[in-house]
Each structure stands twice: as structure tokens, then as C-alpha cells.
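This is a predicted model, so every value here is computed, not measured. No hydrogens, no waters, no symmetry mates; every other heavy atom, side chains included, goes into these values.
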Amino acid sequence: AIAVADCGSMNQAAAKLFISQPMKGKTDEEILREREQAVREAEKYLKENGMQEEVQVIDSFFQSAPVGARPLWFLGKSLELLSTADLVYFAKDWEKARGCRIEHMCAVQYELQIIG
């Protein structure tokens, strides 16, 4: 886990969690299972660091994307959502997916709190 920024800016409401995960070649069920794991890890991280334990997942799993949406459409929407996050979780093998690598670069450059 990499702690990039101070979480002191998070208010007492639920922490907004952005999940970056490779999705290519995975079923919806596999993706949703990974997202559940990310929530558990985020809650554990918050508890261990004495912060609120409630997590609100930012819905970046676009199940109803426009027909023919191109990869940059998905990335653009993801970066817009990333800008609202208190925490960012990177799922297993994120380094192998170009969109996840770009999301990671943005999270680091803009000093977001990274876990996972």
C-alpha cells in the first residue's frame, strides 16, 4: 500500500472509493467480486488508520455504456470519477492494463490516497 496524501481532509461521511481494475476478458461476476474485495480492503485500511470505516464506492463499472464506445470514452469517464475520490484502490494486475496505468499515474500526480 502506498500512502500518498494525508486523509485528514476526509470528512466524517463515507469515504468515496474509486476502484481501478482490469476488466478485459472478465465476466461481470468476476469484476463485481473483485470490487467487493476492494471494499473490504478499503474498510480494513480505514479502520487500521483510525478513520471512518464506511466506504461509498464510486460506480466506475459502466455496464450500460453506449454501443460502440471506444476505450478513450471509458477512460475519460473514469478520470472524471477519479477526481471525486477520497481513496483509490488498484486491483490485482492493474499494471497490465493501460487504462489502470493511466489512472494510477493521475492518482499519484494529483496526490490521491492510494491503497491496494
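A pairwise comparison of heavy atoms in Ser78 and Phe18 identifies O-CE1, 3.4 Å as the closest pair. Between Asp59 and Leu81, the shortest heavy-atom distance links the atoms O-CD1, 3.4 Å. The shortest non-hydrogen separation linking Ala15 to Leu87 is CB-CD1, 4.1 Å. For Cys100 against Pro22, the heavy-atom pair with the smallest separation is SG-N, 3.6 Å. Listed here is the closest heavy atom pair of Leu79 and Cys106: CD2-SG, 3.8 Å. Shortest non-hydrogen contact noted between Ala107 and Ile114 is CB-CD1, 4.0 Å.
Residues meeting the side chain to side chain contact (heavy atoms under 4.5 Å, CB included) test with Glu95, sequence neighbours left out: none. Residues satisfying the side chain to side chain donor-acceptor pair (under 3.5 Å) criterion with Arg40, sequence neighbours excluded, are Gln37. With sequence neighbours excluded, the residues satisfying salt bridge (Lys or Arg N to Asp or Glu O under 4.0 Å) with Asp93 are Lys96.
Remark: Arg98 CZ is loosely packed, at most 12 non-hydrogen atoms of other residues, nucleotides or ligands lying under 6.0 Å away.
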Considering only distance and modelled atom types, tabulate donor-acceptor pairs under 3.5 Å from the side chains of residues 70-77, sequence neighbours left out.
none

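Side-chain contacts under 4.5 Å among hydrophobic residues (ILVMFWY), followed directly or transitively, place Leu32 together with Met23, Ile31, Phe61.
Rounded to the nearest 0.5 angstrom, Glu43 CD and Ile115 CD1 are separated by 10.0 Å. For the atom pair Ile58 CD1 and Gln56 CD, the distance stands at 7.0 Å (nearest 0.5 Å). Between the CD atom of Gln113 and the OH atom of Tyr89 there is a distance of 14.5 Å, given to the nearest 0.5 Å. We find the NZ-CG distance between Lys16 and Leu82 to be 12.5 Å, quoted to the nearest 0.5 Å. Atom-to-atom distance recorded for Glu103:CD and Ile19:CD1 is 11.0 Å, nearest 0.5 angstrom. Note that NZ of Lys47 and CD of Glu54 are 14.5 Å apart. Values are rounded to the nearest 0.5 Å.
Sorted by first and then second residue, the salt bridge (Lys or Arg N to Asp or Glu O under 4.0 Å) pairs with a member in residues 19-36 read Lys26-Glu34; sequence neighbours excluded.
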Practice prompt. Given side chain to side chain contact (heavy atoms under 4.5 Å, CB included), test Phe90 with His104 step by step and report yes or no.
Written response: CA-CA 8 Å; Phe90 287 89; His104 187 269; 3.5 Å; yes
Item to complete: Would you check, one step at a time, whether the test side chain to side chain contact (heavy atoms under 4.5 Å, CB included) holds for Val39 with Val57?
Response: CA-CA 7 Å; Val39 170; Val57 176; 3.2 Å; yes
